[in-house]
Amino acid sequence: MRGRSVVPREPSIFVATKEEITNGEASDIYFKRTQEVLRFANLSNVKVRMEVHLYSNPPEGDWAVYAGLEEALAILKDKPFTVYSVPEGTVFRRKTPLMLIEAPYEAFAPFEAPVLGVLRFESSIATKSARIRVAAGDKLYLFFGLRALHPAVFPAADRAAFIGGADSVSGILSEKYLGLTPQGTMPHALIITVGDQKKAWQLFAELYGNKINIVALADTFDDERIEALTAAELLKEKLWGIRLDTPSSRRGNMHDIVEEVKWTLKLHGYDNVKVIVSGGLDEQEIAELRDVADGFGVGTSVAMPKSVDLSMDIVEVDRGNGWEPISKRGKMPGAKMVYSCGALKHHVVPWSAEPPTCDDGRRATPLLVKYLDNGKLVRDLPSLGEIRSYVISQLKELKLLQ
């Protein structure tokens, strides 16, 4: 009506809290209804063994990286669940059991969605990050794809990217949650706001010169070669590197551009200046630039990768008469144990079967081990750096990295 003032509704940020996640509210309605039906039918004591596995092919290759275990355990601990898992950071192929959960399904139902969610999310990013690590070889690989994601998952994304092999991440909160010092250069916004690239570089170097490696963004207003040389002559020994973030509409042959920039810098005595390339990079572009670039900034391709489509399925049921192997069509019934003879040399056998023998005659090592016993944590969790090192060691064992 005329004259009536309308008070605008306040905007919200739509984020589930930790409490909502760990108490089972962050779930699908059909899991809650399943829980209610089981209670109604007095079937709350029926126990199941559920297996997390990948039955489709891993995206963009024949292997993937398992990540998200710590978050999954945080959701499941202090509840009547026993959890076995392969170590976080394990490189695996399809149909390898990654986690086995023993629980009354009535109690577990609301947690299937959040557990699968964290495992899929982190495994997908860690897998793509590992593929970028392989493509980059020994060159610097920086992850800064947070702007492609909801801010609620920034620390989890940085964590997964680091596990997969990123040398550093950019999220401010990753120092608080992960103990990782965030790294980054400067955006075009700084240079455009200041209005002059030389003044922006100088201000940045004056403020941060003794704190971080100074990397000048060298493609805002002028040719990359000209801006790179200008930055080197202006900052001299303060300059650690330059970053090229050339847009696709101006890119042309990026290999030639990088080669030209490095040639020019060397010609004028600045061959110590590193050249970092960013802007829509994926494995193919990185592989093509690896011989001339000193490092890569990678964002969206890692932050929003193709999904490692993990699923969770019941493989055994205990209705009071012992464990009965059972599964839906298309899945292998019965609990399984995973043994390892090395990277991707995994043997999947029935749960109680004897350990197989490796080709070199030694007994295979159990890979699926207990982490939670009726909700109690029974195994130390590795540090983030240890998980990353585990991934890198497997990639080297597989001859994917030197």
Side-chain angles (χ1 to χ4, degrees), residues 132 136 139-149 151 154-155 157-158 161-162 166-176 178 180-251 254 257-258 260-262 264-265 268 270-281 285-286 289 292-303:
I132 295 295
K139 298 300 178 70
L140 188 66
Y141 156 35
L142 315 172
F143 172 66
F144 43 71
L146 298 186
R147 71 192 69 184
L149 298 167
F154 281 4
D158 273 349
F162 187 75
D167 291 303
S168 67
V169 298
S170 65
I172 294 172
L173 286 176
S174 289
E175 188 150 27
K176 174 181 178 181
L178 308 174
L180 298 177
T181 302
Q183 304 290 337
T185 59
M186 63 180 66
H188 289 102
L190 172 64
I191 294 172
I192 293 170
T193 301
V194 171
D196 176 85
Q197 63 267 60
K198 290 185 287 186
K199 186 176 180 181
W201 296 332
Q202 200 157 30
L203 288 169
F204 193 87
E206 286 177 6
L207 185 59
Y208 294 110
N210 296 322
K211 301 174 183 177
I212 64 173
N213 291 328
I214 300 301
V215 179
L217 185 56
D219 61 3
T220 306
F221 297 130
D222 213 331
D223 178 82
E224 293 88 352
R225 184 184 78 192
I226 293 173
E227 288 209 3
L229 182 58
T230 302
E233 291 178 334
L234 177 71
L235 301 180
K236 303 207 181 290
E237 69 278 355
K238 292 181 180 179
L239 186 66
W240 182 86
I242 59 103
R243 177 164 71 94
L244 304 180
D245 194 54
T246 305
S248 57
S249 62
R250 299 290 189 270
R251 184 160 287 193
M254 198 64 195
I257 293 173
V258 177
E260 181 182 332
V261 167
K262 295 204 75 170
T264 302
L265 289 171
H268 289 81
Y270 301 109
D271 52 321
N272 61 309
V273 175
K274 309 294 184 184
V275 176
I276 309 299
V277 181
S278 62
L281 297 180
E285 292 89 349
I286 290 172
L289 294 170
V292 290
D294 298 297
F296 304 95
V298 187
T300 303
S301 67
V302 173

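Closest non-hydrogen pair, Val215 versus Arg243, comes out as CG1-N, 3.7 Å. Nearest heavy atom pair, residue Leu289 against residue Met254, reads CD2-C, 3.8 Å. Across every non-hydrogen atom of Gly297 and Leu281, the tightest pair is O-CD1, 3.8 Å. Here the closest non-hydrogen pair linking Pro155 and Leu173 is CG-CB, 4.0 Å. Here the closest non-hydrogen pair linking Leu265 and Ala228 is CD2-O, 3.8 Å. Looking at every heavy atom in both residues, Ser168 comes nearest to Leu142 through OG-CD2, 3.0 Å.
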Scan the side chains in residues 229-242 for donor-acceptor partners under 3.5 Å anywhere in the protein, sequence neighbours excluded, and list what turns up.
residue	atom	partner	partner atom	Å
Thr230	OG1	Ile226	O	2.7
Lys236	NZ	Glu233	O	3.1

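Panel note: side chain Asp158, backbone Ser174; no donor-acceptor pair is recorded below 3.5 Å. Judged purely by atom type and a 3.5 angstrom limit, Glu227 uses its side chain to pair as donor or acceptor with the backbone of Phe221.
For the side-chain contact (heavy atoms from CB on, under 4.5 Å) test, residues two or more places apart in sequence or in another chain that qualify with Pro151 are Phe154. Not counting sequence neighbours, Lys139 has no partner by the side-chain hydrogen bond (donor to acceptor under 3.5 Å, both in side chains) test. Remark: Tyr208 pairs with Phe204 by the ring-ring contact (aromatic ring centres under 6.0 Å, His included) rule, at least two apart or across chains. Applying the side-chain hydrogen bond (donor to acceptor under 3.5 Å, both in side chains) test to Asp167 and every residue at least two apart in sequence or in another chain returns Arg133, Arg388. The side-chain contact (heavy atoms from CB on, under 4.5 Å) test applied to Asp294 returns Lys262, Lys274, Val275, not counting sequence neighbours. By the side-chain contact (heavy atoms from CB on, under 4.5 Å) test, Thr193 is found to be paired with no residue, residues two or more places apart in sequence or in another chain being considered. With sequence neighbours left out, the side-chain contact (heavy atoms from CB on, under 4.5 Å) criterion links Ala303 to Phe143, Ala148, Leu149.
No side-chain heavy atom of Tyr270 sits under 4.5 Å from any side-chain heavy atom of Thr264. The closest side-chain heavy-atom distance from Phe162 to Leu180 is below 4.5 Å. Between Trp201 and Ile191 the shortest side-chain heavy-atom distance falls below 4.5 Å. Proximity of Ile276 to Leu140: side-chain heavy atoms (C-beta onward) are separated by under 4.5 Å at one or more points. Side-chain contact between Ser170 and Gln183 is absent, with no heavy atoms from C-beta onward closer than 4.5 Å.
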Working note: Ile257 + Val277, criterion side-chain contact (heavy atoms from CB on, under 4.5 Å); need CA distance, chi angles, decisive distance, verdict. CA-CA 10 Å; Ile257 293 173; Val277 181; over 6 Å; no
Can you check salt bridge (charged side-chain N to carboxylate O under 4.0 Å, His left out) on Asp196 and Lys198, steps first, answer last? CA-CA 6 Å; Asp196 176 85; Lys198 290 185 287 186; 5.3 Å; no
Assess whether side-chain contact (heavy atoms from CB on, under 4.5 Å) is satisfied between Ile192 and Thr220, documenting all intermediate values. CA-CA 8 Å; Ile192 293 170; Thr220 306; 4.0 Å; yes
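Enclosure of atom CD1 in Ile172 is not indicated, since only 12 or fewer non-hydrogen atoms of other residues, nucleotides or ligands lie within 6.0 angstrom. More than 12 heavy atoms of other shown residues, nucleotides or ligands fall within 6.0 angstrom of atom CG in Asp271.
Residue pairs that meet the salt bridge (Lys or Arg N to Asp or Glu O under 4.0 Å) test with at least one member in residues 205-225, sequence neighbours left out, are Arg225-Glu260.
Between Asp245 atom CG and Thr185 atom OG1 the span is 8.0 Å, to the nearest 0.5 Å.
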